Amino acid sequence: MSVQRILIFLLAALLAACGKPEPIVIGFIAGLSNRTTDTGEAARNALTLAIEERNAAGGIGGRPLRLLVGDDGQDAATAHQAMQALIRARPAVIVGPYTSAMADVILPLADAAGVVVLSPVITAMHFVGKDDMLIRLNRSTRDNAADYARVLAERGLHRLAVAYDVRNRAFSESWLTELRSQFPAYGGEVIAAVEFESAADTMFSEVAARLLETEPDGLLFIANAVDVARLAQQTRKLSPNMPLAAAEWAASEQLVELGGQAVNGLLIAQSHDRTDEAPRFTAFRDAYRARFQRDPGYSAIASYDAGIVLFQALERRKSGQSVKDAVLRHGPYPGLQHLIEIDAFGDSTRPIHFAEIHDGQFVLVR
């Protein structure tokens, strides 16, 4: 090869090296066009913020991060199509889903493609203790139902009637099963369980009436924020002073916005401490407010934590190491409010905080 050709070859290699580095694609899947869009939108916003901040700091090893968003619509066919599109983009990881029902749909696709699915919030026992491509950053329904059983009994609520949404059956039935198992240890009993399917035309007045006819000490709703708000409104018409509680799934800002006075006094657990004034959490909260003009809810905080996990794992990932192995091995991770430790099955946990709603605010009670 002549000297001239060698110089041309070296110049071309130099120019290629000076080009923009290939981005790392981060997939995201959540419900963005359904009755629980607030949860999905808050999660997308928080992950967007985390990626923007990371890119401003130089990305991962000089490579920028690019977010690719999929909408599962809380519908099996829509989720299947969205997941296939994300997989074709060859993402490093997919953050989501945000309901157990959608996890049932997309996990077989992720397992077949060998793509890590990092879910900030799903809890159903069906996904616990399995060696698959799912990594969970939340407690299990067993953990949460046990804490609810104890707190409800401490409040003198021993005869409980429950309404649960079968559109997210994987979660709601897991939660109900665990409550039925744990409640008797505290002298409690689930005396009625009424199922419904979340929809705009669901007759929540009939659901409330069926629950109340069993003469319970209190009602508990295993449903999304929109449906819990409607259930509370119908219950208050029939029994204004009936004690109400809802599973943690409903603990979004939409619950207080839509529920109004009907959700006053409702007991609900949350996966974060809203009163936290630690500098790291307040910095995130202020940045989220400035970027999106809203306070971050539970899905936003959990999704930002997912970003923390993902960025540290990718940064420390060794040559030839899979993303899954990197996530499992390169913790623990400094979450916004707690240290995130992930076991060999990709399961994690997080603290829980009980709150009551008063005048449009979540007020911590324990």
Side-chain angles (χ1 to χ4, degrees), residues 24 26-28 30 42-65 67 91-96 98 116-123 128 133-140 143-144 248 251 269-292 295-318 321-353 364:
I24 299 172
I26 307 299
F28 171 86
R44 179 197 59 198
N45 289 347
L47 190 59
T48 297
L49 177 63
I51 287 174
E52 289 174 348
E53 292 174 345
R54 187 70 191 201
N55 282 339
I60 304 292
R63 295 176 63 187
L65 301 164
L67 183 62
V93 68
I94 295 174
V95 177
Y98 288 78
V116 169
V117 171
L118 179 60
S119 178
V121 299
I122 64 169
T123 61
V128 177
M133 297 307 294
L134 173 65
I135 295 173
R136 299 184 316 104
L137 301 184
N138 205 355
R139 310 171 101 221
S140 70
D143 297 326
N144 285 341
E248 66 282 357
Q270 301 187 312
S271 57
H272 65 285
D273 179 1
R274 290 174 176 270
T275 66
D276 188 1
E277 291 300 325
R280 190 155 179 259
F281 181 75
T282 57
F284 159 73
R285 184 186 62 203
D286 293 347
Y288 188 95
R289 284 173 176 171
R291 181 70 169 80
F292 303 108
D295 281 333
Y298 76 89
S299 65
I301 292 163
S303 298
Y304 195 87
D305 276 348
I308 291 171
V309 169
L310 176 59
F311 303 157
Q312 179 170 310
L314 291 178
E315 188 174 47
R316 296 181 179 180
R317 180 185 177 196
K318 298 177 182 178
Q321 186 177 34
S322 70
V323 173
K324 177 183 175 181
D325 192 56
V327 173
L328 296 182
R329 291 182 180 275
H330 295 310
Y333 302 92
L336 283 171
Q337 293 189 330
H338 74 291
L339 193 67
I340 300 170
E341 298 184 85
I342 301 171
D343 69 18
F345 293 108
D347 294 325
S348 184
T349 188
R350 61 190 306 130
I352 194 170
H353 306 272
L364 291 185

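Quick caveat: nothing in here was measured; it's all calculated off a predicted structure.
- Taking both residues in full, the closest heavy atoms of Leu339 and Pro332 are given as CG-CB, 3.7 Å, listed atom of the first, atom of the second, then distance.
- The CD1 atom of Ile301 lies 5.5 Å from the CZ atom of Phe284; values are rounded to the nearest 0.5 Å.
- Residues forming a side chain to side chain contact (heavy atoms under 4.5 Å, CB included) with Ala251 (at least two apart in sequence, or on another chain): Ile268, Gln270, Tyr298.
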Worksheet item: Does the side-chain contact (heavy atoms from CB on, under 4.5 Å) test come out yes or no for Leu134 and Ile122, once each step is laid out?
Response: CA-CA 10 Å; Leu134 173 65; Ile122 64 169; 3.8 Å; yes
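- Of all heavy-atom pairs spanning Gly27 and Pro91, the tightest one is N-CB, 3.8 Å.
- The existence of a salt bridge linking Glu52 and Arg291 is confirmed by a sub-4.0 Å separation between a basic side-chain nitrogen and an acidic carboxylate oxygen.
- Counting heavy atoms from C-beta outward, Leu47 and Leu67 have side chains that approach closer than 4.5 Å.
- When every heavy atom of Pro351 is checked against every heavy atom of Arg139, the shortest pair comes out as O-CD, 4.4 Å.
- Arg285 has no carboxylate O lying under 4.0 Å from a charged side-chain N of Asp295, or vice versa, which leaves the two without a salt bridge.
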Discussion item. As a quick check of understanding, evaluate side-chain hydrogen bond (donor to acceptor under 3.5 Å, both in side chains) for Ser322 and Asp325, giving each step before the final call.
Written reply: CA-CA 5 Å; Ser322 70; Asp325 192 56; 5.2 Å; no
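- Side-chain N/O atoms of Thr48 and Asn45 include no donor and acceptor closer than 3.5 Å.
- Side chains of Gln337 and His353: a donor-acceptor N/O pair is absent below 3.5 angstrom, by distance only.
- With sequence neighbours excluded, the residues satisfying side chain to side chain contact (heavy atoms under 4.5 Å, CB included) with Ala30 are Phe28, Tyr98.
- Contact of the Ser348 side chain with the Arg136 side chain is not registered, since no non-hydrogen atoms from C-beta on lie closer than 4.5 Å.
- Distance CG/Leu137 to OG/Ser119: 7.5 Å, rounded to 0.5 Å.
- Two residues are said to be in side-chain contact when any heavy atoms from C-beta on lie closer than 4.5 Å; Leu328 and Asp343 fail this criterion.
- For Tyr304 against Ala46, the heavy-atom pair with the smallest separation is CD1-O, 3.7 Å.
- Annotation: salt bridge (charged side-chain N to carboxylate O under 4.0 Å, His left out) contacts involving residues 306-316, sequence neighbours excluded, comprise Arg54-Glu315.
- Taken to the nearest 0.5 Å, the OH atom of Tyr333 stands 9.0 Å off from the CG atom of Leu310.
- Residues Ile340 and Val309 have side chains in contact (heavy-atom distance under 4.5 Å, counting atoms from C-beta outward).
- Side-chain contact between Ser271 and Ile352 is absent, with no heavy atoms from C-beta onward closer than 4.5 Å.
- Distance NZ/Lys324 to CD1/Ile342: 11.5 Å, rounded to 0.5 Å.
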Using distance only, find each side-chain donor-acceptor pair of residues 57-65 under 3.5 Å and give its atom names and separation, not counting sequence neighbours.
residue : atom : partner : partner atom : Å
Arg63   : NE   : Glu22   : O            : 2.8
Arg63   : NH2  : Glu22   : O            : 3.4
Arg63   : NH2  : Pro23   : O            : 3.3

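- Under the salt bridge (Lys or Arg N to Asp or Glu O under 4.0 Å) criterion, Asp276 pairs with no residue, sequence neighbours left out.
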Worksheet item: side-chain contact (heavy atoms from CB on, under 4.5 Å) between Val116 and Ile135: does it pass, once the steps are laid out?
Response: CA-CA 7 Å; Val116 169; Ile135 295 173; 4.0 Å; yes
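- Ile24 and Ala92 make their closest contact through CG2-CB, 3.8 Å (heavy atoms, listed as atom of the first residue, atom of the second, distance).
- The side chain to side chain donor-acceptor pair (under 3.5 Å) with His330 is formed by just one residue from the set Gln312, Lys318, Gln321, Arg317; it is Gln321.
- Every residue meeting the salt bridge (Lys or Arg N to Asp or Glu O under 4.0 Å) condition with Arg350, not counting sequence neighbours, appears here in chain and number order: Asp305.
- Within 6.0 Å of atom CZ in Arg329, 12 or fewer heavy atoms from other residues, nucleotides or ligands are found, so the atom counts as exposed in its surroundings.
- Proximity of Ile26 to Ile94: side-chain heavy atoms (C-beta onward) are nowhere separated by under 4.5 Å.
- The two residues Arg280 and Ile308 come nearest to each other via the heavy atoms NH2-CD1, 3.4 Å.
- Contact annotation: the side chain of Leu49 approaches that of Phe292 to within less than 4.5 Å [non-hydrogen atoms, C-beta and beyond].
- Considering OG1 of Thr349 and CD of Glu341, their distance stands at 10.0 Å, rounded to 0.5 Å.
- For the pair Ser303 (side chain) and Ala300 (backbone), a donor-acceptor distance under 3.5 Å is absent.
- Summarising the geometry, atom NE2 belonging to His272 is positioned 9.5 Å from atom OG belonging to Ser299; distances are rounded to the nearest 0.5 Å.
- Side-chain contact between Phe345 and Val128 is absent, with no heavy atoms from C-beta onward closer than 4.5 Å.
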